Undergrad: 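My structure is below; once you've seen it, I'll send some questions.
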Amino acid sequence: MMIWVNGELHDADDARVSVLDHGLTVGDGVFETVKTVQGRPFALTRHLERLTRSARGLGLPDPDHDEIRRAARTVTDATPLPLGRLRITYTGGISPLGSDRGDNAPGLVVALGEVSRRPDSTAVITVPWTRNERSAVAGLKTTSYAENVVALARAHGQGASEALFANTVGQLCEGTGSNVFVVLDGEIHTPPLASGCLAGITRALAVEWTGARETELSPEVLEHAEEIFLTSTTRDVQAVHRVDARELPGAPGPVTAKAMRVFDERAGDDLDP
Ligand SMILES: Cc1ncc(COP(=O)(O)O)c(C=O)c1O
């Protein structure tokens with residue numbers, strides 16, 4: 001596997017960043033995960049736009065989209081994969097040991113990993129920890145993901161693949177790496193961005209392509225929704241067949257199955273929607 005590090009392609013074994021990189025010392029960085037299909041990135045323009053929004057939110061200089069596109073092409077050409085996960089990491093660069101950022105150039109790493117297609121349905125849990133919709137970094141895709149690591153480990157410990165958070169005012173928010181949708185009276189709903197969730201690329205496409213509505217939802221909705229599904233770059237649209245102790249037999253239900261179909265068709269028609 002070849003990895004792009006600050007302008008050069010390296011073998012994975014010798015790809016290195018400084019131990020003083022602010023991304024490493026304090027999690028001062030932003031990232032994107034982009035799906036690649038037969039070596040071609042999906043929705044790269046939207047991902048690059050979000051990377052810029054996240055970088056601006058942290059006060060990092062705008063990332064160079066042309067350089068990232070070149071890096072993406074270089075790593076995908078170096079390792080042909082049927083289905084991949086392109087990881088773009090952009091950090092504060094070499095900095096002092098505290099929270100102050102240095103004056104050095106930002107760091108850029110572009111790496112590719114292989115993934116297998118996710119199952120059509122999965123189990124999720126809810127966790128007692130909150131997303132802070134008023135955080136300085138709410139809605140930014142930063143590399144400070146330790147809360148997600150903890151919550152996801154709990155999910156795995158309970159035989160689930162995702163953990164869902166509410167926010168500080170008790171509204172349903174999102175998963176550790178996915179957005180959540182529910183079906184109520186046959187209509188699809190997802191929490192609004194004001195809930196503090198990430199503006200998922202897959203979420204936005206699912207809203208556009210299915211007509212899902214953005215609605216403030218209480219976590220209790222998970223106890224009675226007719227159907228539940230997740231969206232993310234690596235899941236596309238994925239049905240939920242269990243949430244905590246509640247089974248949803250027959251998942252994907254009809255509304256989710258249609259959303260999955262529509263997503264596959266539209267995504268297949270246009271690699272950069
Ligand atoms: C916290 C969080 N929410 C939602 C998502 C889903 O976003 P996307 O559809 O852009 O992958 C992600 C992405 O991995 C995420 O990290």
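In listed order, ligands and their atoms are each counted from 1. Fair warning: this is a prediction, and the values are worked out from it, not measured in the lab.
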Undergrad: Which class fits the ring pair Phe229 and Phe181: parallel under 30°, tilted 30 to 60°, perpendicular over 60°?
TA: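 Rings of Phe229 and Phe181: parallel, as their planes differ by under 30°.
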
Undergrad: Check ligand 1 for N or O atoms under 3.5 Å from a protein N or O and list each pair with its distance.
TA:
residue: ligand 1; atom: 3 (N); partner: Glu174; partner atom: OE1; Å: 2.7
residue: ligand 1; atom: 9 (O); partner: Ile201; partner atom: N; Å: 3.4
residue: ligand 1; atom: 9 (O); partner: Thr202; partner atom: N; Å: 3.0
residue: ligand 1; atom: 9 (O); partner: Thr202; partner atom: OG1; Å: 2.6
residue: ligand 1; atom: 10 (O); partner: Arg50; partner atom: NH1; Å: 2.8
residue: ligand 1; atom: 10 (O); partner: Arg50; partner atom: NH2; Å: 3.0
residue: ligand 1; atom: 10 (O); partner: Ile201; partner atom: N; Å: 2.8
residue: ligand 1; atom: 11 (O); partner: Thr233; partner atom: N; Å: 2.9
residue: ligand 1; atom: 11 (O); partner: Thr233; partner atom: OG1; Å: 2.6
residue: ligand 1; atom: 14 (O); partner: Lys141; partner atom: NZ; Å: 3.0
residue: ligand 1; atom: 14 (O); partner: Gly177; partner atom: O; Å: 3.4
residue: ligand 1; atom: 16 (O); partner: Lys141; partner atom: NZ; Å: 3.1
residue: ligand 1; atom: 16 (O); partner: Tyr145; partner atom: OH; Å: 2.4

Undergrad: Salt bridge check: are Arg154 and Glu162 linked by an N-O gap of less than 4.0 Å?
TA: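 Glu162 and Arg154: not salt-bridged.
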
Undergrad: Looking at Asp120 and Arg118, does any basic side-chain N land under 4.0 Å from a carboxylate oxygen?
TA: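 Here Asp120 pairs with Arg118 in a salt bridge, since their nearest N and O are under 4.0 Å apart.
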
Undergrad: Using modelled atom types and a 3.5 Å cut-off, is there a donor and acceptor pairing between side-chain atoms of Ser178 and backbone atoms of Glu174?
TA: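 Answer holds: no.
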
Undergrad: Answer yes if the ring centres of Trp209 and Phe263 are under 6.0 angstrom apart, and no otherwise.
TA: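 Between Trp209 and Phe263, the centre distance is under 6.0 Å.
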
Undergrad: Kindly determine whether Leu140 and Val30 satisfy side-chain contact (heavy atoms from CB on, under 4.5 Å), including the steps that lead there.
TA: CA-CA 8 Å; Leu140 309 182; Val30 296; 5.6 Å; no

